[in-house]
Undergrad: 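What follows is a structure written as structure tokens; I'll ask about it next.
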Amino acid sequence: MRMSSLFLRTLREDPADAELPGHRLLVRAGYIRRAAPGIYTWLPLGLKVLRRVETIVREEMDAIGAQELTFPALLPREPYEATNRWTEYGDNIFRLKDRKGVDYLLGPTHEEMFTLAVKDLYSSYKDLPLSIYQIQNKYRDEARPRAGLLRGREFVMKDSYSFDVSDEGLQASYDAHRAAYIRIFDRLGFEYVIVAAMSGAMGGSASEEFLAVSAIGEDTFVRNDSGSYAANVEAVVVAQAAAVDASGTPAAHVEDTPDTPTIETLVAALNANHAREDGREWTAADTLKNVIVMLVHPDGTREPLAIGVPGDREVDAKRLEAQVSPAEVEAFDEKDFAANPTLAKGYIGPGVLGEERSSGIRYLLDPSIAEGSAWVTGADEHGKHVLDLVHGRDFTADGTIQAAEVRDGDPSPDGDGVLHTARGIEMGHIFQLGRKFAEALDLKVLDENGKLVTVTMGSYGIGVSRAVAAIAEGNLDESGLCWPRNVTPADVHVVATGKNRDRDGSVFDKADELTAALEAQGLEVLYDDREKVSPGVKFKDSELIGVPTIVVVGKSLENGVVEIKDRRTGERREVAVDEVVDEVLREVRGDASGATKAGA
RNA sequence: CGGGGUAUGGCGCAGCUUGGUAGCGCGUCCGCUUUGGGAGCGGAAGGUCGCCAGUUCGAAUCUGGCUACCCCGACCA
């Protein structure tokens with residue numbers, strides 16, 4: 001690539017609409033341009049990076065025998081009608097009509113198309129197992145696109161699906177994908193963690209996410225010190241607390257606690273007027289907080305739900321949503337309270353909660369609330385709370401729910417140490433869909449006995465354009481980007497510092513020659529051969545663009561040497577002109593952690 | 001969907017309070033000089049001041065309405 005003719009314009013100043021450092025640099029260095037909110041143009045340099053990420057994904061998918069195909073991005077409505085997703089996706093789907101008024105959509109995901117394609121072509125167990133994939137643009141009309149490529153409305157995704165007759169076969173396909181994903185993310189070169197995840201609205205069992213560890217990530221995950229446990233916070237399963245002996249607990253008794261509608265005011269009132277017998281102060285953890293939310297089911301029906309959690313914890317909205325999906329959660333507002341007169345706002349207790357009690361509202365407890373444990377909680381009357389209310393003796397719930405917030409320092413569910421929380425960017429998600437989806441679309445094959453059996457499926461995704469953004473965010477400094485070798489738009493950046501071919505002929509001649517020699521070795525070379533551009537500008541641009549190895553041909557040519565610069569460390573060294581090609585090859589190939597090695 | 005902000009040449013911004021020839025920096029083009037860290041001087045091109053209406057002799061500026069975009073939250077890969 002000759003910079004004198006490359007379609008590129010670097011910006012000296014940050015774009016005003018970019019917030020994240022990596023996004024700013026991708027725009028400034030001329031990799032991408034915003035075309036519309038959440039929609040980006042890939043300029044030549046950016047496209048090179050995107051293609052290299054795609055190539056790594058493609059190589060590893062092919063290596064496990066998955067076969068590539070491409071579905072249209074513009075899809076008919078019918079298949080999505082069959083799985084009810086035309087409705088369930090709601091406003092998140094881009095919809096359009098053709099000239100006859102027939103509905104179409106821009107594919108937000110392609111489960112239906114994959115499943116129907118297999119149904120169309122295959123009908124025997126002998127055809128399976130099968131894994132097929134595509135690398136395709138996906139479209140989601142996000143309520144609020146943000147963070148540049150990390151959450152766009154158009155994005156590039158690799159999605160694959162496995163089709164098996166048996167559960168064992170599905171497990172094998174899943175394991176193969178998991179191993180391929182590990183190789184892919186190793187080659188892409190970022191720090192990632194594999195966490196247990198929720199499988200989402202389509203159901204299914206085993207599910208894991210690959211998260212790039214990053215403070216700017218939108219997902220929260222937890223892990224313990226030994227690494228034996230890691231999970232998306234949504235998927236953490238808190239163990240049921242063991243029952244405790246309640247024989248010494250006095251009978252439950254209602255006390256006046258005026259003006260205590262919050263846990264904070266309640267604890268203060270308890271300590272002022274109802275001192276504990278054991279002399280310890282009351283804390284929020286002694287109270288049972290009952291939170292009411294309104295579930296909105298996909299068919300539009302509304303159902304209130306009561307959740308009991310220890311008073312020192314909040315209900316985690318994401319955990320709750322994951323548990324009740326596909327229902328959505330709305331706040332329980334004043335109108336709802338008015339419609340449920342047995343609920344005394346601020347003093348709600350188990351006395352009225354539960355399907356069998358006066359409110360009729362389903363009541364689910366956090367599993368940390370042990371049978372036999374005693375609580376202070378609302379007495380369902382304004383200004384009154386009940387003390388020594390024992391779970392199992394004085395009240396019961398309709399079940400448990402994993403919806404309380406998970407905190408740093410909580411015990412690890414596998415019993416090994418405590419949990420720490422961190423943030424990550426979801427880069428990949430693999431899960432065993434099972435038969436639910438194939439059933440919806442009636443995907444069956446004949447087995448050895450000539451009987452029709454429903455196929456079992458796995459679903460595996462990687463955010464390809466998101467990977468470019470995540471790599472950029474993780475590989476930059478104050479001067480610009482610093483690409484890992486496996487995804488850099490060029491292997492080496494040759495800078496000719498001359499400004500004028502007439503006067504600096506020897507510099508340009510040598511740089512031309514060197515570029516040709518490097519290209520002859522199969523390297524992708526970005527060559528700054530611009531005239532009338534001062535050396536300072538070329539140096540700044542080379543740092544902004546972030547090719548890992550920079551070769552400067554200039555002044556020192558008089559002494560028969562050129563300069564090789566490491567973009568990441570800033571280290572520079574002089575190398576004799578006739579040794580440069582070998583030296584660069586050594587850097588590019590020797591240092592290629594992951595890509596060439598893992599691919600070999 | 002709630003809260004906040006912004007809208008002026010390709011990019012970044014000033015001007016608006018107090019109405020009167022639309023400005024600055026970067027970038028682009030021409031000339032001369034310069035030549036290893038975003039060069040200097042001189043010249044030039046490039047703008048329906050988001051849109052609609054109103055007030056006014058006169059609106060980027062004042063008033064009303066609308067729209068778009070950005071950020072935080074809610075929601076989702």
Undergrad: If I pick the C1' atom on B:rG25 and the same atom on B:rG19, what distance separates them, to the nearest angstrom?
TA: 27 Å
Undergrad: By nearest nucleotide on RNA chain B, pick out whichever of A:Ala18 and A:Glu563 is the more 5' one.
TA: A:Glu563
Undergrad: For A:Ser534, report the nucleic acid contact type (base, sugar-phosphate, nothing); a contact means any heavy atom under 4.0 Å.
TA: sugar-phosphate
Undergrad: How is A:Glu543 classified with respect to the nucleic acid when contacts are heavy atoms under 4.0 Å: base, sugar-phosphate, or nothing?
TA: base
Undergrad: Remember a base hit wins even if backbone is also touched, and classify A:Gly152 as base, sugar-phosphate or nothing at under 4.0 Å, heavy atoms.
TA: base
Undergrad: Round to a whole Å and report the spacing from CG of A:Leu544 to C1' of B:rG37.
TA: 14 Å
Undergrad: Over how many whole Å does the gap from A:Glu142 atom CD to B:rC76 atom P extend?
TA: 10 Å
Undergrad: Rounded to whole Å, how long is the line connecting atom CD of A:Glu234 with atom C1' of B:rA77?
TA: 12 Å
Undergrad: Does A:Arg503 put a side-chain nitrogen or oxygen below 4.0 Å from OP1 or OP2 of B:rU35?
TA: no
Undergrad: For A:Lys499 and for A:Arg28, locate the closest nucleotide of RNA chain B by heavy-atom distance; then report the residue assigned to the nucleotide nearer the 5' terminus.
TA: A:Lys499
Undergrad: Ignoring backbone atoms, establish whether A:Lys555 has a side-chain N or O less than 4.0 Å from OP1 or OP2 of B:rG36.
TA: yes
Undergrad: Could you measure between the two C1' atoms, the one in B:rG9 and the one in B:rG27, and give it in whole Å?
TA: 11 Å
Undergrad: Going by the angle between their ring planes, with limits at 30° and 60°, are A:Tyr181 and A:His177 parallel, tilted or perpendicular?
TA: perpendicular
Undergrad: Roughly, in whole Å, what's the span from CG in A:Leu20 to P in B:rC71?
TA: 9 Å
Undergrad: Given that both pair distances must be under 3.5 Å and the pair must be Watson-Crick or G-U, what runs of three or more consecutive pairs involve RNA chain B?
TA: B:1-7 with B:67-73, B:10-13 with B:23-26, B:28-33 with B:39-44, B:50-54 with B:62-66
Undergrad: Rounded to the Å, how far apart are A:Phe7 CZ and B:rG10 P?
TA: 15 Å
Undergrad: Can a side-chain donor-acceptor contact be found between A:Ser162 and A:Tyr460 if the only test is distance below 3.5 angstrom?
TA: yes
Undergrad: Rounding to the closest angstrom, what is the interatomic distance between B:rU18 and B:rC62 at atom C1'?
TA: 11 Å
Undergrad: Across the strands shown, which category fits A:Ser556 at heavy-atom distances under 4.0 angstrom: base, sugar-phosphate, nothing?
TA: base
Undergrad: Can you check nucleotides 12-16 of chain B for protein contacts, nitrogen or oxygen pairs under 3.5 Å, and list what you find?
TA:
{"from": "B:rG12", "atom 1": "OP1", "to": "A:Ala16", "atom 2": "N", "distance (Å)": "3.2"}
{"from": "B:rG12", "atom 1": "O2'", "to": "A:Glu13", "atom 2": "OE2", "distance (Å)": "3.3"}

Undergrad: Fit a plane to each ring of A:Trp483 and A:Tyr31, take the angle between them on a 0 to 90° scale, and name the class: parallel (under 30°), tilted (30 to 60°) or perpendicular (over 60°).
TA: tilted
Undergrad: Categorize A:Gly554 for me: base, sugar-phosphate, or nothing, with a 4.0 angstrom heavy-atom threshold over every strand shown.
TA: base
Undergrad: Looking at A:Lys510 and A:Glu513, is there a salt bridge between them, counting it only when a charged N and a carboxylate O are closer than 4.0 Å?
TA: yes
Undergrad: To the side chain of A:Arg572, which of B:rC26, B:rC11, B:rG36 is closest?
TA: B:rG36
Undergrad: Name the one of A:Val213, A:Val406, A:Thr421 that satisfies side chain to side chain contact (heavy atoms under 4.5 Å, CB included) with A:Phe221?
TA: A:Val213
Undergrad: Quick one: does A:Arg34 reach the base of B:rG10 with a side-chain donor-acceptor pair under 3.5 Å?
TA: no
Undergrad: Salt bridge check: are A:Asp316 and A:Arg407 linked by an N-O gap of less than 4.0 Å?
TA: no
Undergrad: Which whole number of Å gives the distance between the P atom of B:rC11 and that of B:rA7?
TA: 14 Å
Undergrad: For the side chain of A:Arg151, starting at C-beta, report the closest nucleotide among B:rC11, B:rG37, B:rA77.
TA: B:rA77
Undergrad: Once you round it to whole Å, what is the distance between C1' of B:rG38 and CD of A:Glu478?
TA: 16 Å
Undergrad: Without hydrogens or angle criteria, can the side chains of A:Ser4 and A:Arg530 be said to hold a donor-acceptor pair below 3.5 Å?
TA: no
Undergrad: If you measure from the P atom in B:rC70 to the same atom in B:rC13, how many Å do you get, rounded?
TA: 15 Å
Undergrad: Need one value for A:Val552: base, sugar-phosphate or nothing, where a base atom within 4.0 Å counts as base even if backbone is also close, heavy atoms only.
TA: base
Undergrad: Does a salt bridge link A:Glu54 with A:Lys158, judged by any charged N lying under 4.0 Å from a carboxylate O?
TA: no
Undergrad: What nucleotide among B:rG36, B:rC11, B:rC70 has an atom nearest to a side-chain atom of A:Pro37?
TA: B:rC70
Undergrad: What class does the angle between the rings of A:Phe185 and A:Tyr192 fall in, given that below 30° is parallel, 30 to 60° is tilted and above 60° is perpendicular?
TA: tilted
Undergrad: Given atom CD1 of A:Ile93 and atom C1' of B:rA77, what is their separation to the nearest angstrom?
TA: 14 Å
Undergrad: Supply the atom-to-atom distance A:Asn290 CG to A:Ile307 CD1, rounded to the nearest 0.5 angstrom.
TA: 10.0 Å
Undergrad: Roughly how many Å apart are B:rG65 and B:rG20, using the C1' atom of each and rounding to a whole number?
TA: 27 Å
Undergrad: Below 4.0 angstrom, N of the basic side chain to O of the carboxylate: do A:Arg423 and A:Glu473 qualify?
TA: no
Undergrad: Using distance alone, with no hydrogens and no angle criterion, decide if A:His110 and A:Gln136 have a side-chain donor and acceptor under 3.5 Å apart.
TA: no
Undergrad: Using atom C1' of each nucleotide, how far apart are B:rA45 and B:rU34 to the nearest Å?
TA: 25 Å
Undergrad: If you measure from the P atom in B:rC71 to the same atom in B:rG54, how many Å do you get, rounded?
TA: 36 Å
Undergrad: How many whole angstroms separate atom CG of A:Asp541 from atom P of B:rG27?
TA: 11 Å
